[in-house]
2 protein chains.
Amino acid sequence: MEIQHQDLSYEIYKRLKAMILANEFEAGAKLKQEQIASMFGVSRMPLHRAFQMLENEMLIESIPRRGYFVTKINANQLIDAFECREALEGVAARRAAQNITKDQLEYLKSLFEKFIGAQEINVPEYLESDQEFHNMIMKISGNQILNRLELLGNNTIRTFRGGLLRPPRETLPEHLGILAAIEKGDGELAEKLIREHTHKSMETLRERNKK
Amino acid sequence: MEIQHQDLSYEIYKRLKAMILANEFEAGAKLKQEQIASMFGVSRMPLHRAFQMLENEMLIESIPRRGYFVTKINANQLIDAFECREALEGVAARRAAQNITKDQLEYLKSLFEKFIGAQEINVPEYLESDQEFHNMIMKISGNQILNRLELLGNNTIRTFRGGLLRPPRETLPEHLGILAAIEKGDGELAEKLIREHTHKSMETLRERNKK
DNA sequence: ATATTGTATTTTGTATACAATTTAATCTAT
DNA sequence: ATAGATTAAATTGTATACAAAATACAATAT
């Protein structure tokens, strides 16, 4: 399993992506090629591919002959992404209910086990399980197209950088419900539940951004 | 409105995309950089961006240090894309029902007017209206993320290169029903109808590929 | 004949080089 | 001083150049 992607580009892509998601650049900041190149000790050539990967994921924007700029996170865009994700997670959950293996099911269960009946829930820990849960359902669905839509994931990450949208007390039972439906192999129900779940989170996001 | 995209890359991208969708390359064929470059009378540099755009749209695949290869159209992939599209068109139709303007509505109606009550329907003409209808609903939704998911569009194009999945007698009333729901501003119904509509087409595709 | 190794050729990935365009800095006119 | 024009510096896009890797080919051994 020796994927080396384009030798330098992929490494640069990963590093820049991490930096952008960690808000190490100002929103709208220009990524000067020469500067980034010398930062990584390479020429400008391998940057092009890295930049374009980031552009494809909507993390940066290209203005021809002007340069690449870190995209300003826009509330509407996050909502748009959530709306797409709501629908696509429905697709994913339905198929996951059909395809899931014993091991995968165990793994999903393990993500939330420690929080069940807990007096106090560690939020960052829960947040990670939450995101992993949703990502894994996408993976398990086996839909190859779904798993290429990185930009949805990025926008989700950016949303949750502000913390949970809703408290675990509210979402934990929902997660367990979805899981139960998947375990039963009831794709219809799994789809319905995950859509309601993600929809509620989206509504919370929408409310928050109204003020 | 002077978008010049990266000067040469975009032009090359468009030309190559058209060629690929017109099946002018064999499936799995390698796109040798030097060869393509001299074909367009440019160096290999502007190709990189063009290639990557095509890669993002799943029209070609990159294998590092090996090259770029025209992706073999795989039935499962088309079905996966359709499945995503079903869900996303639902999102689009729901929002379109809220956002649509008088002019946009008129335009959508005009697409199918000539086919209503017609004795004989020109299939290529109908096919074009059909695709335009679905694409416009995506646009009208105003969801910016939706409209970046080019790869779904490409896979749809490839599906319909084989002609209509279902006869106009069947799909025309469905299209008109969706349109009516949008006109009423009934997003719920529009979503339900377009999902059923696209789902039926997907099932047809699935059946066809079983044999 | 087939398989395997070593060599030559091709092709990709990256670096450097240069032209075109954009950004900044300077100068002039009101 | 401020606005507009003019020039200088910086930055991007593309071409050429070169090194590393992959493919094709030939030679040897089985």
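Below, each value reflects all heavy atoms present in this structure, side chains not excepted, and no hydrogens, waters or symmetry copies. In the text below, chain A, chain B and the rest are named by the order of the sequence lines, each starting its count at 1.
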Measure the distance from [atom1] on [X] to [atom2] on [N] and round it to the nearest whole Å.
{"X": "A:M45", "N": "D:dC18", "atom1": "CE", "atom2": "C1'", "value": "14 Å"}
{"X": "B:F40", "N": "D:dA15", "atom1": "CZ", "atom2": "P", "value": "13 Å"}
{"X": "B:Y68", "N": "D:dA22", "atom1": "OH", "atom2": "P", "value": "16 Å"}
{"X": "A:F51", "N": "D:dG13", "atom1": "CZ", "atom2": "P", "value": "10 Å"}
{"X": "B:H48", "N": "D:dA15", "atom1": "NE2", "atom2": "C1'", "value": "13 Å"}
{"X": "A:L8", "N": "D:dA20", "atom1": "CG", "atom2": "C1'", "value": "12 Å"}
{"X": "A:D7", "N": "D:dA20", "atom1": "CG", "atom2": "P", "value": "12 Å"}
{"X": "B:R49", "N": "D:dA15", "atom1": "CZ", "atom2": "P", "value": "15 Å"}

Which nucleotide wins on minimum distance to the side chain of A:R65, given the candidates C:dT14, D:dA15, C:dA20?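 Closest nucleotide to the A:R65 side chain: C:dA20.
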Testing the 3.5 Å rule here: is there a donor-acceptor pair between the side chains of [X] and [Y]?
{"X": "B:Q131", "Y": "B:Y126", "value": "no"}
{"X": "B:Q144", "Y": "A:D80", "value": "no"}
{"X": "B:E207", "Y": "B:T204", "value": "no"}

Pairs meeting criterion salt bridge (charged side-chain N to carboxylate O under 4.0 Å, His left out) with involvement of residues 149-166 of chain A, two or more places apart: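 Residue pairs passing salt bridge (charged side-chain N to carboxylate O under 4.0 Å, His left out), neighbours aside: A:K17-A:E150, A:R166-A:E170, A:R166-A:E174.
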Would you say [X]'s side chain and [Y]'s backbone share a donor-acceptor pair under 3.5 angstrom?
{"X": "B:E83", "Y": "A:N143", "result": "no"}
{"X": "A:S9", "Y": "A:A50", "result": "no"}
{"X": "A:T198", "Y": "A:R195", "result": "no"}

Looking at C:dA17, I'd like to know if its phosphate oxygens (OP1 or OP2) sit under 4.0 Å from a side-chain N or O belonging to A:S43.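 So the side chain of A:S43 is outside the cut-off, no N or O lying under 4.0 Å from OP1 or OP2 of C:dA17.
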Are OP1 or OP2 of C:dT12 and a side-chain N or O of B:S62 less than 4.0 angstrom apart? no
On the side chain of A:R44, is there an atom forming a donor-acceptor pair with the base of D:dG13 - under 3.5 Å, no angle test?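 Such a pair is found, so the answer is yes.
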Can you name the atoms? Protein N/O to nucleotides 6-11 of chain D N/O, anything below 3.5 Å, with the distance.
unit_1: D:dT11; atom_1: OP1; unit_2: A:K32; atom_2: NZ; d: 3.0

